Colleague: 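Below is one structure. I have some questions about it.
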Amino acid sequence: MALTAIKGFNDILPDESGRWQHIEKSARRVFELNGFSEIRVPIMEKTELFRRSIGDATDIVEKEMYTFTDKGENCVTLRPEGTAGVMRALIEHKLYVQDPVAKLYYLGPMFRYERPQKGRYRQFHQIGAEITGVHDPLADAQLLNMLSTFFREIGLDEPALQINSLGCPECRPAYRNTLLSFLDGRLDSLCEDCKRRFTTNPLRTLDCKVAGCIEATAGAPAMLDHLCRACGEHFDGVRRYLDLSGTRYSLNTRMVRGLDYYTRTTFEMVTCQLGSQSAVAAGGRYDGLISQLGGPEIPGIGFAMGLERVALLLSQREFVTTPDLFIATMGGGERDLAFRLMDGLLKSGVRVEMDYEGKSLKSQMRRADKLKAVYSVVIGQNEVSSGRAAFKRMADGVVTDAALSVDEIAKVVKCFDSPLK
RNA sequence: GUGGCUAUGGUGAAGCGGUUAACACUUACGACUGUGACUCGUACAUACGUGGGUUCAAUUCCCACUAGCCACCCCA
């Protein structure tokens, strides 16, 4: 095959797009119910934005970004995540002036140059939501509750919510030192990766999957036990509100984050059904990010979920739209009448299909069956002269006689319309 | 960036040195010329990822490349 898609860039074919639309529609409904508005931001930004927000030393910025110089000599990057662009827009348009609290959601493609594997591609899609301008843990809890509700709405019991707190610039450094001295004594029993992480990102060791490391860090100090007073109270507040709203969660004191901007509350929706890509959605609080990007001191919290992963969890489910009526014709002059009827029915909201190429009646009926049309009708000379036709309900073969007018046909077809449509 | 596995039609696959490259699904047409589903029949890979090599002979063995998948790293 001469021309193929780029590695890690996938087509979403018609048999999958229904599932994607189901996810997107549900997200919009749940988020808008919670008072979130959609924001649409560019998929490319100045590279500087991501370096400043995600963190220069993170893997994303160091080796995974699609960065290039455009024809005007600007260094630009295909967005590897959504929060940075949304915060840039918030600051650029001073959205916080009119309303100090912003609740925004976005959806669209993100790009990361990684080695593709299950549930992880170079172009992938996220739906995310952000609340800015609220310090109170009530915001954290509402966001988490909304996320859980979303998963319930699309029909998934999994994934499960896990939460943690990463503290703030006040208490994290001290904890980091505590952890370092703990690990220092056990360096020998850690895996090669973790030995490297000891200097680069010691918190990550808590998240290591190697058995030896899990054993060695069994009694490791947890950030949760080392939070400063303010962070501790905040986290207690989050938990209290989660309980009040009946949002189920568990603590995961070993959860860490890949982006530098996170503070305090962090969370993940995890599943065990997706191999190593256990996080279906993740996020946290980023109280320092907006000021770091040149905006005012405004706190924020948000999450992003990976649509490919959600779609994978939903992959057993069918999402197809079927025609209400298939019009078969005998050929010749009836096709004009059939086409006019189809046009009228389509305009009144009835999903109609008819044969395009003058195939045999048998072929047409087979097609009606394959498309899972609810009704079929054959129009030939008899029907043209009588002005009536037999509408056959495909599921059980029951036939209803009706006049060949848009209104009459719509009545027949609609009365069988399931309330789900 | 590092490993492992795999590459046969629209799809799922059998074949593992000489075959008309099975079988099933899908698709098309027909048996049933004004009615689908079930059944039956017919048709549908000059072709086995690409390039080399071994051999009288390679889809089958070897090498390289490329692609895909899975895992690591990291992440949603």
Side-chain angles (χ1 to χ4, degrees), chain A residues 1-2 4-8 10 13 15 54 57-65 79-83 107 109-128 147 159 191-194 196-197 200-201 204 207-210 255-259 267-271 274-284 302-313 326-332 334 355 357 359-384 389-397 399:
Chain A
M1 236 178 283
T4 56
I6 302 169
K7 187 191 191 76
N10 297 129
L13 299 176
D15 61 338
I54 298 169
T58 58
D59 275 27
I60 296 179
V61 171
E62 265 187 356
K63 49 192 198 194
E64 294 175 0
M65 295 207 301
R79 63 182 183 192
E81 59 103 37
T83 302
L107 92 210
M110 308 292 161
F111 304 85
R112 258 122 97 158
Y113 194 88
E114 301 177 274
R115 189 79 164 258
Q117 67 184 271
K118 185 174 190 173
R120 178 212 282 186
Y121 305 101
R122 290 184 174 178
Q123 178 182 117
F124 61 104
H125 298 78
Q126 291 188 331
I127 299 183
L147 186 56
C191 69
E192 287 309 309
D193 282 326
C194 284
R196 178 175 52 77
R197 286 195 270 245
T200 59
N201 189 355
R204 193 100 239 164
D207 203 31
C208 187
K209 295 172 192 98
V210 176
M255 186 196 307
V256 291
R257 287 280 73 136
L259 287 67
F267 52 88
E268 285 180 8
M269 300 291 296
V270 299
T271 175
L274 257 34
S276 59
Q277 320 304 323
S278 59
V280 177
F303 66 77
M305 67 177 130
L307 279 195
E308 280 78 4
R309 296 179 185 181
V310 178
L312 234 34
L313 290 178
F326 188 96
I327 303 177
T329 60
M330 297 308 296
E334 308 91 57
D355 170 61
E357 303 188 84
K359 295 262 175 82
S360 70
L361 182 62
K362 183 179 189 70
S363 295
Q364 295 184 58
M365 290 306 293
R366 277 186 177 159
R367 182 165 170 76
D369 187 57
K370 197 183 69 180
L371 294 173
K372 297 191 167 66
V374 181
Y375 278 87
S376 70
V377 65
V378 177
I379 298 179
Q381 280 315 122
N382 301 344
E383 287 75 17
V384 171
F391 290 81
K392 179 180 189 175
R393 197 199 280 164
M394 298 296 276
D396 54 11
V399 168

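Keep in mind that what you see is a predicted model, and the values were worked out from it rather than measured. Each chain gets a letter, A, B and so on, in the order its sequence line appears, and its residues count up from 1.
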Colleague: Whole angstroms only, please: what is the CZ-P distance between A:Phe391 and B:rG36?
Modeller: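 Distance, rounded to whole Å: 18 Å.
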Colleague: Could you check whether any side-chain N or O of A:Arg309 sits under 3.5 Å from a backbone N or O of A:Ala279, counting only pairs where one atom can act as donor and the other as acceptor?
Modeller: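 Judged by distance alone, yes, a pair lies under 3.5 Å.
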Colleague: A:Val310 versus A:Met305: any side-chain heavy-atom pair under 4.5 Å?
Modeller: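 They are in side-chain contact.
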Colleague: Measure from the side-chain heavy atoms of A:Arg197 and tell me the nearest of B:rC69, B:rC73, B:rA37.
Modeller: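 Of the options given, the side chain of A:Arg197 lies nearest B:rC73.
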Colleague: Would you mind reporting whether A:Glu334 and A:Glu383 have side-chain heavy atoms less than 4.5 Å apart?
Modeller: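 No - every pair of side-chain heavy atoms lies 4.5 Å or more apart.
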Colleague: Answer yes or no: side-chain N or O of A:Arg366 and base N or O of B:rG30 forming a donor-acceptor pair under 3.5 Å.
Modeller: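 Under the 3.5 Å cut-off, the side chain and the base do form a donor-acceptor pair.
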Colleague: Can you pull out the residues from residues 304-312 of chain A that lie within a 4.0 Å heavy-atom distance of RNA chain B?
Modeller: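 Those residues are A:Ala304, A:Gly306, A:Arg309.
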Colleague: Expressed in angstrom and rounded to an integer, what is the separation of A:Lys370 atom NZ from B:rA37 atom P?
Modeller: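 Taking NZ of A:Lys370 and P of B:rA37, I get 13 Å after rounding.
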Colleague: Should A:Lys63 be listed as having a side-chain N or O under 4.0 Å from OP1 or OP2 of B:rG1?
Modeller: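 A:Lys63 to B:rG1 OP1/OP2: no side-chain N or O under 4.0 Å.
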Colleague: Is there a side-chain polar atom (N or O) of A:Gln117 under 4.0 Å from OP1 or OP2 of B:rA71?
Modeller: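 Result: yes.
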Colleague: Under 3.5 Å, side chain of A:Gln364 to main-chain N/O of A:Lys359, donor-acceptor pair present?
Modeller: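 Looks like yes, one N/O pair under 3.5 Å.
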Colleague: Of all the heavy-atom pairs spanning A:Arg112 and A:Pro80, show the shortest one and how long it is.
Modeller: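 In this case the closest contact between A:Arg112 and A:Pro80 is NH1-O, 2.6 Å.
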Colleague: Looking across every strand, which nucleic acid part, if any, lies under 4.0 Å from A:Gln381 by heavy atom: base, sugar-phosphate, or nothing?
Modeller: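 Contact class for A:Gln381: base.
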Colleague: Mind checking if A:Ala279 touches a base, just sugar-phosphate, or nothing, with heavy atoms under 4.0 Å?
Modeller: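 Sugar-phosphate only.
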Colleague: Is it the case that the base of B:rG34 and the side chain of A:Glu383 share a donor-acceptor contact (distance under 3.5 Å, atom types as modelled)?
Modeller: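 It does, because a donor-acceptor pair links the side chain of A:Glu383 to the base of B:rG34 below 3.5 Å.
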Colleague: Can you check whether A:Ile54 reaches A:Glu81 side chain to side chain, under 4.5 Å on heavy atoms?
Modeller: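 Side-chain contact under 4.5 Å: yes.
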Colleague: Record whether the side chain of A:Arg115 comes under 3.5 Å of the base of B:rC73 through a donor-acceptor pair of N or O atoms.
Modeller: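 Result: no qualifying N/O pair found.
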Colleague: Figure out the CZ/C1' separation between A:Phe326 and B:rA37, and round it to whole Å.
Modeller: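 Those two atoms, CZ and C1', are 15 Å apart.
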Colleague: Quick one: on RNA chain B, does A:Ala5 or A:Gly283 contact a more 5' nucleotide (nearest heavy atom)?
Modeller: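 Upstream on the strand: A:Ala5.
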Colleague: With a non-hydrogen cut-off below 4.0 angstrom, is A:Gly397 in contact with a base, only sugar-phosphate, or nothing?
Modeller: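 Result for A:Gly397 = base.
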Colleague: Return yes if some donor-acceptor pair links the side-chain N/O of A:Glu308 with the main-chain N/O of A:Arg120 below 3.5 Å, else return no.
Modeller: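 Checked: no pair found.
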Colleague: Mind checking if A:Val378 touches a base, just sugar-phosphate, or nothing, with heavy atoms under 4.0 Å?
Modeller: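 Result for A:Val378 = base.
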Colleague: Roughly how many Å is it from NZ in A:Lys118 to C1' in B:rC70, rounded to a whole number?
Modeller: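 Taking atom C1' of B:rC70 as the reference, NZ of A:Lys118 is at 9 Å.
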Colleague: Under 4.0 Å, heavy atoms only, any strand: does A:Lys362 hit a base, just the sugar-phosphate, or nothing?
Modeller: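 Base, at least one base atom sits under 4.0 Å.
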Colleague: When you check the phosphate oxygens OP1 and OP2 of B:rA67, does a side-chain N or O of A:Thr4 lie under 4.0 Å from one of them?
Modeller: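 No, outside the criterion.
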Colleague: Working to the nearest 0.5 Å, report the span between NZ of A:Lys370 and OG of A:Ser363.
Modeller: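 Separation between the atoms: 10.5 Å.
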Colleague: Counting the atoms with a prime plus P, OP1 and OP2 as sugar-phosphate, which does A:Lys359 contact under 4.0 Å by heavy atoms, base, sugar-phosphate, or nothing?
Modeller: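 It contacts sugar-phosphate atoms only.
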Colleague: Taking only the C1' atom of each, what is the distance from B:rA7 to B:rU60 in whole angstrom?
Modeller: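 That atom pair is separated by 14 Å.
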Colleague: Is the distance from OP1 or OP2 of B:rU33 to the nearest side-chain N or O of A:Ser360 less than 4.0 Å?
Modeller: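 For A:Ser360, the contact criterion (side-chain N or O under 4.0 Å from OP1 or OP2 of B:rU33) is not met.
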Colleague: Would you measure the distance from the C1' atom in B:rU26 across to the matching atom in B:rC44 and give it in whole Å?
Modeller: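 11 Å, rounded to whole Å.
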Colleague: Measure from the side-chain heavy atoms of A:Asp369 and tell me the nearest of B:rG36, B:rU27, B:rA76.
Modeller: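 When the side chain of A:Asp369 is considered, B:rG36 is the closest of B:rG36, B:rU27, B:rA76.
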Colleague: Where the side chain of A:Asp59 is defined as all heavy atoms beyond and including C-beta, which of B:rC73, B:rU35, B:rC29 is the nearest nucleotide?
Modeller: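 Shortest atom-to-atom distance from the side chain points to B:rC73.
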Colleague: If I pick the P atom on B:rA14 and the same atom on B:rG52, what distance separates them, to the nearest angstrom?
Modeller: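 Comparing P positions in B:rG52 and B:rA14 gives a spacing of 28 Å.
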Colleague: Determine the interatomic distance between C1' on B:rU11 and the same-named atom on B:rU27; round to the nearest Å.
Modeller: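 Approximately 11 Å lies between the C1' atom of B:rU11 and that of B:rU27.
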Colleague: Give one of base, sugar-phosphate or nothing for A:Thr58, where a contact means two heavy atoms less than 4.0 Å apart.
Modeller: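 Here A:Thr58 touches no strand at all.
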Colleague: Taking the nucleotide of RNA chain B with the closest heavy atom to each, which residue, A:Arg112 or A:Ile6, is nearer the 5' end?
Modeller: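 The answer here is A:Ile6.
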Colleague: Over how many whole Å does the gap from A:Leu361 atom CG to B:rC32 atom P extend?
Modeller: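 The distance from CG of A:Leu361 to P of B:rC32 comes to 15 Å, rounded to the nearest Å.
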Colleague: Between A:Gln364 (CD) and B:rC29 (P), how many Å, whole number?
Modeller: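 Those two atoms, CD and P, are 10 Å apart.
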Colleague: If we call it a pair only when both distances are under 3.5 Å in a Watson-Crick or G-U wobble match, what pairs with B:rC23?
Modeller: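 B:rC23 is paired with B:rG12.
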Colleague: Can you tell which of B:rG34, B:rG36, B:rG30 lies closest to the side chain of A:Asn382?
Modeller: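 Nearest to the side chain of A:Asn382 among the choices is B:rG34.
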Colleague: Just jot down the salt bridge (charged side-chain N to carboxylate O under 4.0 Å, His left out) partners of A:Arg196, sequence neighbours excluded, or say none.
Modeller: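 Expected list: A:Asp193.
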Colleague: Has the side chain of A:Lys392 got a donor or acceptor that lies under 3.5 Å from a partner of the other kind on the base of B:rG36?
Modeller: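 It does, because a donor-acceptor pair links the side chain of A:Lys392 to the base of B:rG36 below 3.5 Å.
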Colleague: Could you tell me whether the side chain of A:Arg393 and the main chain of A:Val374 form a donor-acceptor pair under 3.5 Å?
Modeller: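 Not at all, since once roles are kept as given, no pair shorter than 3.5 Å links the two residues.
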Colleague: Between B:rU2 atom C1' and A:Glu114 atom CD, what is the distance in whole Å?
Modeller: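 Taking CD of A:Glu114 and C1' of B:rU2, I get 15 Å after rounding.
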